[in-house]
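Excluded from the calculations below are hydrogen atoms, water molecules and symmetry mates; all remaining heavy atoms, backbone and side chain alike, are included. Just so you know, residue 1 is the first one in the sequence shown, and it goes up from there.
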Amino acid sequence: MNRTVVWFRRDLRVADHAPLHRAALRGAVIPVFVLDRALLHHPETAVARVAFMLECLHALNQDLGDRGGRLIIRYGDPAEVLPQLVRATQADGIYAHIDFERIYGRVRDARLNRVLAQQQMKIRWFEPAATTPELIPYPKYRELWYTHMAAPITPAPPRVVVPEDIPSDPVPTLGELGLIADGKPIPPGGAAPARDLLQEFLTKKSDRYYWQLSYPGAEATSGLSPYIKFGAISVRECVQTTQAQLDDAQDARVQRSRQQFIARLRWGSGFAQRFRYMPQLEVRSLYTVFDQDGWEFDEALYDAWQQGETGFPIVDAAARCLQETGGWKQLNFRVRAIYASFLSNLLGMDWRYGALHFMRHLIDGDCPIDHYQWAMQAGVTHCVDKTWTRIYNPEQTAIDRCDPEGLFIKQWLPELAHLSPAELGLPPRQRDYPPPILSYKAARQRRVQQLERQRQLFLNQDNVLPYLARLPQSLMPFGADQHASEIAWAQAEDLELFPPPLDLEALEPEQAKALRTWFVAHVDIAPRKVPARSRNAKQKEKLPSDSIQLSLLG
């Protein structure tokens, strides 16, 4: 009987999983997950995220068990563990999805390819949905994304035959992995809770999602981000489930909300595709001028930002929410953006310090999404044709737009619970709450002038290749000097990546033009100041999409 090793990574599900489906059709399956020390002890590892992953592994084991199989757990370096498993089980080879979330993963997979080839073993890499190895313009990627999302969902195999003679380690605890729980509440793992959350969102939140997405106190988000991060549910299943109900919806509010939800799923896929082309975005700003020009750093101010002691309530509430909960529900896109903009644009600090802090706490932390959006908020990417600067106003403007009743702030800053919402932008001096650590207007003016000067180097250039960051010679993860990490892999010689990055030096003019389309604004939106209004008028008004996206620009 044919035997195939199926290597699970960020695809911890049995449905819409082409490698598992194909392997089950051809014979016995050896479903394996390898607990990799280099990822478990990466500088950006969040203990709570590992805890959630372990819950997903338990659920995957149960889903396989319902089909007569089980999950095989191994611990170690995949480039060593997997060839040993193939040899010990007399498997024909390995099936796995391509993964390009992190530089380390691409180094690991290139090493595995080399070892397997040396030992004359086979591996078949499956292209995940909504990705492509080809360099195509962004508008064509949009078409590709919708085409992939409309393709039939690969059914879960009705039966998974796993040879009984293959031993497995149990799914470990955090302690057995050398990690200490930090007290964050961990959502249940697996496909079933993900589907329940999706149905709850479509049933109970889709009439208000579009309008309340910027309000953290409304908890209008789907809560699916941790499940999508680990592939407990596929993006395609989320899209098709949403689209099926969208077609039946009569309420225009529901239609608009569900369309917005699908658009956000597409944006997440687009961030990942950018990292496929340019893995250096994990550790570099897109344009070299921003890193060459240097960044400010103040340990005391950085600590105040991390601990929620800046004197700006919306920023401090976000800081405390992140550390207490891992951010997967309340810390929505808008609040994350305000919190991020404060560090890079107002404190003037390197966005990578912010991304590092986020990733060490986020339960839904996904490197391409997190890092790319951090760089966007810092104004150092996605701005070939953008002359204006998005800097969020963290004062009363943020309260009025994101937390008009002060629910979010008062939950996380109980020392301010006695204040009215109109006082939460810049609170009167409190005995137990710090004064503002900066002047918003002065800091904003300084940052605008700096970005305008830096952008002059490449702004509106047809050929941006000379200005783009290259893959650094050292692939050491950012933050490895601050946090105990497993970094031996980055110190090896002759490091290769799989899939390979774009060779920027070899691109033809048409290819360079295609790459440029990934870093421009594809809508013509100019920033504007929104006049002050009463909260009652604000609640009644339904803002158009562009206003919601830009309403915090000050």
Side-chain angles (χ1 to χ4, degrees), residues 214 216 285 289-291 293-323 327 331-358 370-383 386-403 408-409 412-413 416 424-427 433-455 527-530 549-554:
S214 292
S285 300
V289 60
F290 295 114
D291 294 337
D293 216 24
W295 299 83
E296 298 178 10
F297 186 79
D298 184 305
E299 186 71 43
L301 293 178
Y302 182 54
D303 185 67
W305 175 84
Q306 289 179 302
Q307 303 305 322
E309 297 175 352
T310 69
F312 292 86
I314 191 70
V315 174
D316 295 338
R320 298 186 193 182
C321 177
L322 172 64
Q323 295 212 41
L331 205 67
N332 59 22
F333 166 77
R334 189 65 58 216
V335 179
R336 294 186 194 198
I338 295 169
Y339 188 33
S341 179
F342 191 92
L343 181 74
S344 291
N345 290 322
L346 301 183
L347 289 175
M349 293 192 200
D350 192 332
W351 64 269
R352 290 169 291 192
Y353 283 103
L356 173 67
H357 179 65
F358 266 37
D370 180 70
H371 284 226
Y372 197 83
Q373 291 196 106
W374 258 98
M376 285 179 64
Q377 297 307 329
V380 299
T381 191
H382 208 88
C383 51
K386 191 174 70 173
T387 57
W388 52 272
T389 300
R390 171 178 289 186
I391 298 178
Y392 288 92
N393 183 337
E395 298 179 350
Q396 196 63 41
T397 300
I399 310 303
D400 292 344
R401 292 302 191 186
C402 289
D403 198 19
F408 177 69
I409 288 173
W412 294 105
L413 304 179
L416 302 182
L424 291 176
L426 286 173
Y433 187 69
I437 61 176
L438 55 78
S439 162
Y440 163 67
K441 289 185 178 179
R444 184 187 189 281
Q445 183 178 23
R446 183 170 59 250
R447 181 62 173 159
V448 167
Q449 292 173 349
Q450 181 187 35
L451 285 174
E452 287 178 348
R453 173 177 54 79
Q454 292 170 328
R455 286 179 181 164
R528 65 183 181 87
K529 289 188 176 181
V530 180
Q549 294 298 321
L550 298 173
S551 60
L552 297 179
L553 293 169

Legend entry - Tyr392 and Asn345 side chains, donor-acceptor separation under 3.5 Å: no

Inset, instruction - Enter the distance from Ile437:CD1 to Leu347:CG here, rounded to the nearest 0.5 Å. - result: 5.0 Å

Legend entry - Residue pair Cys402 / Pro216: nearest heavy atoms and the distance that separates them: O-CD, 3.2 Å

Legend entry - Side-chain donor or acceptor of Ser344 paired with backbone N/O of Met349 under 3.5 Å: yes

Inset, instruction - Return the minimal non-hydrogen interatomic distance between Ser341 and Arg390, and the atom names on each side. - result: OG-O, 4.4 Å

Inset, instruction - For Arg447 and Leu346, indicate whether the former's side chain and the latter's backbone hold a donor-acceptor pair under 3.5 Å. - result: no

Inset, instruction - State the CG-CZ distance between Asn393 and Arg444, to the nearest 0.5 angstrom. - result: 8.5 Å

Inset, instruction - Please report the shortest heavy-atom distance between Gln306 and Ala319, naming the atom on each side. - result: O-CB, 3.6 Å

Legend entry - Donor-acceptor contact below 3.5 Å, side chain Arg446 vs main chain Lys441: no

Inset, instruction - Would you check if Glu309 and Tyr433 make a side-chain contact, meaning some heavy-atom pair closer than 4.5 Å? - result: no

Inset, instruction - Show the numbers, then the answer: is there a side chain to side chain contact (heavy atoms under 4.5 Å, CB included) between Tyr353 and Trp295? - result: CA-CA 11 Å; Tyr353 283 103; Trp295 299 83; over 6 Å; no

Legend entry - Passing option when Phe342 is tested against Trp305, Phe312, Tyr302 for ring-ring contact (aromatic ring centres under 6.0 Å, His included): Phe312

Legend entry - Qualifying salt bridge (charged side-chain N to carboxylate O under 4.0 Å, His left out) pairs with a residue from residues 335-346, counting only residues at least two apart or across chains: Arg336-Asp364

Legend entry - Contacts of Trp351 that satisfy side chain to side chain donor-acceptor pair (under 3.5 Å) - sequence neighbours left out: Ser285

Legend entry - Nearest-0.5 Å distance, NE2 of residue His371 to OG1 of residue Thr381: 13.0 Å

Inset, instruction - Drop me the distance from Leu356's CG to Trp374's CH2, to the nearest 0.5 angstrom. - result: 10.0 Å

Inset, instruction - Return yes if some donor-acceptor pair links the side-chain N/O of Asp350 with the main-chain N/O of Glu296 below 3.5 Å, else return no. - result: no

Inset, instruction - Measure across Arg455 and Gly379 and return the closest heavy-atom pair with its distance rounded to 0.1 Å. - result: NH2-O, 3.1 Å

Inset, instruction - Kindly say whether Gly425 contributes a backbone atom to a donor-acceptor pair with the side chain of Gln396 at under 3.5 angstrom? - result: yes

Inset, instruction - Over all heavy atoms of both residues, which pair between Pro394 and Val315 is shortest? Give the atoms and the distance, please. - result: CB-CG2, 4.0 Å

Legend entry - Leu426 and Tyr440, any side-chain heavy atoms less than 4.5 Å apart: no

Inset, instruction - Test side chain to side chain contact (heavy atoms under 4.5 Å, CB included) on Gln323 and His357 and set out the steps. - result: CA-CA 10 Å; Gln323 295 212 41; His357 179 65; 4.0 Å; yes

Inset, instruction - Begin from the C-alpha positions of Asp400 and Thr397 and carry the test side chain to side chain contact (heavy atoms under 4.5 Å, CB included) through to its verdict. - result: CA-CA 5 Å; Asp400 292 344; Thr397 300; 6.0 Å; no

Inset, instruction - Only counting residues at least two apart or in another chain, list the ones meeting side chain to side chain donor-acceptor pair (under 3.5 Å) with Asn332. - result: none

Inset, instruction - To the nearest 0.5 Å, tell me how far Tyr372 OH sits from Gln377 CD. - result: 11.5 Å

Inset, instruction - Look up atom CD1 in Ile314 and atom CD1 in Ile338, then write down how far apart they are to the nearest 0.5 Å. - result: 5.0 Å

Legend entry - Pro427 to Gly311 - nearest heavy-atom pair and separation: CD-O, 4.2 Å

Inset, instruction - Taking Asp298 for its side chain and Leu301 for its backbone only, find out whether a donor-acceptor pair lies under 3.5 Å. - result: yes

Legend entry - Donor-acceptor pair, side chain of Asp403 and main chain of Phe408, under 3.5 angstrom: yes

